[in-house]
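Here is the naming used below: chain letters follow the sequence lines, and residue numbers restart at 1 for every chain.
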There are 2 protein chains.
Amino acid sequence: MPADPVPTRLRLRLLFGTDAMLGPGKADLLQQIRETGSISAAGRAMGMSYKRAWSLVEEMNAAFREPLVQSARGGASGGGAQLTAMGEAVLAGYRRIEEIAAEAAGAEIAALAGFLRDMPDGK
Amino acid sequence: MPADPVPTRLRLRLLFGTDAMLGPGKADLLQQIRETGSISAAGRAMGMSYKRAWSLVEEMNAAFREPLVQSARGGASGGGAQLTAMGEAVLAGYRRIEEIAAEAAGAEIAALAGFLRDMPDGK
DNA sequence: TTGCGATATGTTTCGACGAACATATTGCTT
DNA sequence: AAGCAATATGTTCGTCGAAACATATCGCAA
């Protein structure tokens, strides 16, 4: 068989109770913060305003027992941010969940994708 | 241990290529159509305008090789809609994927939920 | 002590998406 | 032939959330 004509991805979102949630956006943000060492740089890398990035960080820090992101302002480089141990754990956990789910449901997902029309768009 | 303080749910969305996607909303809509035999009744049951429900149906019908919903207008009861065999298959497949993913990742999800603050809100 | 770069946070502006509204159409029933 | 109930589809109107804009603050370095 040829490479699958329609690459199918699985995105998942965890709903904690009524308000708190963790999805691909926050996970990617955590990862970018981890890589760039800055909330603003992470936001830029994702085409997201600093304000929005910061808001998401604030939500996450409030939702868990301990903050996921530790930030500092001032200093030589103006400040920065990095993941706490809790932040590392949550990010790793989310990635693991993604992987496990995609793996477990892979066959079913492929079956569904097989029902798709070949070219959904006009391309 | 007591019942989990924060009931955690998993919602997943399948992204087919760039445009087509299938998530909880469309799946629930399919199920309601199946149960009510009508697009408008399904929309009402979900607090969704007929127009929106119809649009979603149109998207789904266009995305797959065969329509998922077959509709008829006119007639004794004014018309109606029902799932095609393809529609039944897609709905069942999505539910199965949900179940498999939740089951496979259950332990990891519970672990993450354990990191949550007890009362995210003020309640 | 001035400047820089990033965090922190409030206010205003804007645009997309859905709701609401409005019709047209269809085919049984009576 | 008239009426009904639901599909089908276009148009307008509101609203919520994000973007954009605007400051304030911090701490090191030069």
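- Regarding contacts with the backbone of dA6(D), every side-chain N or O of S77(B) stays at 4.0 angstrom or more from both OP1 and OP2.
- Between L56(B) atom CG and dC17(C) atom P there is a gap of 13 Å when expressed in whole angstrom units.
- Side-chain atoms of K51(A) and base atoms of dT7(C) include no donor and acceptor less than 3.5 Å apart.
- R44(A) has its CZ atom 6 Å from the P atom of dA6(C), to the nearest Å.
- In this structure the side chain of P67(B) never reaches within 4.5 angstrom of the side chain of M86(B), judged on heavy atoms.
- An OP1 or OP2 oxygen of dG18(C) is reached within less than 4.0 angstrom by a side-chain nitrogen or oxygen of R52(B).
- For the pair I33(B) CD1 and dA6(D) C1', the computed distance is 13 Å after rounding to whole Å.
- Dashed line: the shortest gap from a side-chain N or O of W54(A) to OP1 or OP2 of dA8(C) is under 4.0 Å.
- Looking at T84(B), its side chain does come within 3.5 Å of a backbone N or O of L68(B) through a donor-acceptor pair.
- Heavy atoms of G75(A) sit under 4.0 angstrom from at least one base atom.
- Between G47(A) and G74(A), the one whose closest nucleotide on DNA chain D sits nearer the 5' end is G47(A).
- In this structure, CD1 in I39(A) is found 11.5 Å from CZ in R73(A), a value given to the nearest 0.5 Å.
- At the phosphate of dA8(C), OP1 or OP2 sits under 4.0 Å from a side-chain N or O atom of S71(A).
- dT23(C) atom C1' lies 13 Å from atom OH of Y50(B), rounded to whole Å.
- At the heavy-atom level, A41(B) lies nowhere under 4.0 Å from the strands shown.
- In this structure, R73(B) atom CZ and dT23(C) atom C1' are separated by 12 Å, rounded to whole Å.
- Within the 4.0 Å cut-off from OP1 or OP2 of dT7(D), at least one side-chain nitrogen or oxygen of S38(B) is found.
- One atom, CD of E58(A), and another, C1' of dG10(C), lie 12 Å apart when rounded to the nearest Å.
- The minimum heavy-atom distance linking E98(B) with L12(B) is given by the pair CA-CD2, 4.1 Å.
- Between E59(A) atom CD and dA8(C) atom P the separation is 15 Å, expressed in whole Å.
- Rounding to whole angstrom units, CG of residue N61(A) and C1' of dA8(C) are separated by 13 Å.
- For the residue pair S38(A)/S40(A), the side-chain donor-acceptor check at 3.5 Å is satisfied.
- Closest contact between the side chain of A81(B) and the listed nucleotides dC28(C), dA8(C), dT7(D) involves dT7(D).
- The listed nucleotides are dT29(C), dT7(C), dT7(D); the one nearest the side chain of A76(B) is dT29(C).
- Checked against dA19(C), dA6(C), dT29(C), the side chain of S49(B) finds its nearest nucleotide in dA19(C).
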